[in-house]
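Predicted model only: the values in this text are computed from it and were never measured. Every chain is numbered from 1, with letters handed out A, B, ... down the list of sequences.
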Number of protein chains: 2
Amino acid sequence: MQDPCQAREVLGIVGDKWALLIVRMLKDGPRRFTELKRGIDGISQRMLTVTLRDLERDGILTRTVRTVMPPHVSYELTTMGRTLREATAPLLEWSITHLPHIDAARAEYDSR
Amino acid sequence: MQDPCQAREVLGIVGDKWALLIVRMLKDGPRRFTELKRGIDGISQRMLTVTLRDLERDGILTRTVRTVMPPHVSYELTTMGRTLREATAPLLEWSITHLPHIDAARAEYDSR
DNA sequence: CGGGATCCGGCGGGATACTG
DNA sequence: CAGTATCCCGCCGGATCCCG
């Protein structure tokens, strides 16, 4: 709670603008690569791949490959991933409720 | 809760790796520029200025200037800023408790 | 003290083409 | 379908100098 250095490391995960969106998309169970790509508006296939690898490396999610044709790869939150998802839930709720205020504040700031 | 587009906008704030650290530093009341610079390890003067401006623009904090010599500028969370701080608290707690696990997961992943 | 202005190097990340 | 590989541009952000 009082160690800023530790907090900084985690912001390497959380600060990634795609990571939290991926974690959020996995909250109701495993998803396939293409499902994630369709569900996360604007993400390139490259960034989806890279971010998924990072999250797998960090132990946030697991990658399961079914070697058939066509391939079938699914991603699922680990136990730790689910706790992360819970920890970020308040933040996402905050987002929804306060975005109008933020937009208003910006508009007013810019008008000066 | 179910609008990913809105969530993305807020990640513009949260995704900034310095923003949350600044918000966190202001949780116990107003701080001066130099206090923040000293308190946030590794931040450059430029990024501190830029990030503070952005947060002011978004209505997260206020900037108060006392025109004396030497100048005295203090930053303080707005009401909305304090709610953001509360919303991010679980995430910071999560950080502290899970960082060892993340490091372990990384080490194991890299060893393969 | 708390910035603003400028320069510039690195890399984040998009677009495209190719594979098992 | 789920990637990898390559190219390449933009801008993030550090370093430095100046100012009220």
Side-chain angles (χ1 to χ4, degrees), chain A residues 4-5 8-22 25-26 29-58 60-77 109-110 112, chain B residues 4-5 7-9 11-22 25-26 29-58 60-77 109-110 112:
Chain A
C5 301
R8 284 194 59 191
E9 251 197 80
V10 168
L11 292 181
I13 303 170
V14 171
D16 188 306
K17 72 172 177 174
W18 300 118
L20 287 188
L21 295 176
I22 291 177
M25 281 235 22
L26 294 177
R31 297 288 176 203
R32 300 183 58 179
F33 186 87
T34 309
E35 285 185 287
L36 292 172
K37 178 142 174 48
R38 270 187 290 104
I40 301 174
D41 186 56
I43 194 170
S44 67
Q45 102 224 61
R46 182 187 189 285
M47 286 316 297
L48 181 55
T49 302
V50 169
T51 308
L52 284 170
R53 284 290 183 278
D54 288 344
L55 291 174
E56 184 193 4
R57 178 170 178 258
D58 290 341
I60 305 297
L61 52 78
T62 59
R63 178 172 181 265
T64 307
V65 186
R66 237 168 269 292
T67 49
V68 292
M69 275 305 275
H72 186 290
V73 182
S74 65
Y75 297 89
E76 184 170 17
L77 291 181
Y109 185 95
D110 292 343
R112 281 174 296 168
Chain B
C5 300
R8 284 194 57 191
E9 252 199 79
L11 293 181
I13 303 171
V14 171
D16 188 304
K17 73 172 175 175
W18 300 117
L20 287 188
L21 296 176
I22 292 177
M25 282 236 19
L26 294 176
R31 297 288 176 203
R32 301 183 56 180
F33 186 87
T34 310
E35 286 184 285
L36 292 171
K37 178 145 175 47
R38 270 187 290 103
I40 300 173
D41 186 55
I43 194 169
S44 69
Q45 181 182 41
R46 182 184 188 281
M47 286 317 296
L48 180 55
T49 302
V50 170
T51 308
L52 284 171
R53 284 290 182 280
D54 288 344
L55 291 175
E56 184 194 4
R57 178 170 178 259
D58 289 342
I60 304 297
L61 52 79
T62 59
R63 178 172 181 264
T64 307
V65 186
R66 235 167 271 292
T67 48
V68 294
M69 274 305 278
H72 185 291
V73 182
S74 64
Y75 297 88
E76 183 171 17
L77 290 180
Y109 185 95
D110 291 343
R112 283 175 295 166

message: Give the residues of residues 45-56 of chain A touching DNA chain C, defined as any heavy atom closer than 4.0 Å, sorted by residue number.
response: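 Output list: A:Gln45, A:Arg46, A:Met47.
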message: Which residues in residues 67-77 of chain B have a heavy atom closer than 4.0 Å to any atom of DNA chain C?
response: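 Heavy-atom cutoff 4.0 Å gives B:Pro70, B:Pro71, B:Val73, B:Tyr75.
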Round to the nearest Å and state the distance from [X] atom [atom1] to [N] atom [atom2].
{"X": "B:Lys37", "N": "D:dG13", "atom1": "NZ", "atom2": "C1'", "value": "13 Å"}
{"X": "A:Arg66", "N": "D:dG3", "atom1": "CZ", "atom2": "P", "value": "14 Å"}
{"X": "B:Glu35", "N": "C:dG3", "atom1": "CD", "atom2": "C1'", "value": "16 Å"}
{"X": "A:Ile43", "N": "C:dA15", "atom1": "CD1", "atom2": "C1'", "value": "15 Å"}

task: Please lay out, stage by stage, how A:Tyr109 and B:Asp58 fare under the test side-chain contact (heavy atoms from CB on, under 4.5 Å).
output: CA-CA 8 Å; A:Tyr109 185 95; B:Asp58 289 342; over 6 Å; no
task: Might you work through the side-chain contact (heavy atoms from CB on, under 4.5 Å) test for B:Leu61 and B:Ile22, ending with a clear yes or no?
output: CA-CA 10 Å; B:Leu61 52 79; B:Ile22 292 177; 4.2 Å; yes
- prompt: So which heavy atom on A:Glu76 is nearest to which on A:Pro30, and how close?
  reply: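 Shortest heavy-atom contact: OE2-CD, 3.8 Å.
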Taking only residues two or more places apart in sequence or in another chain, which ones pass side chain to side chain contact (heavy atoms under 4.5 Å, CB included) with [X]?
{"X": "A:Thr34", "answer": "A:Arg38"}
{"X": "B:Arg63", "answer": "B:Arg53, B:Glu56, B:Val65, B:Val73, B:Tyr75"}
{"X": "A:Met47", "answer": "A:Trp18, A:Ile43, A:Ser44, A:Thr51"}

Test salt bridge (Lys or Arg N to Asp or Glu O under 4.0 Å) applied to A:Glu35 - qualifying residues, sequence neighbours left out: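 Per chain and number, A:Glu35 pairs via salt bridge (Lys or Arg N to Asp or Glu O under 4.0 Å) with A:Arg31.
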task: List the steps, then state whether side-chain contact (heavy atoms from CB on, under 4.5 Å) holds for B:Ile60 with B:Asp54.
output: CA-CA 9 Å; B:Ile60 304 297; B:Asp54 288 344; over 6 Å; no
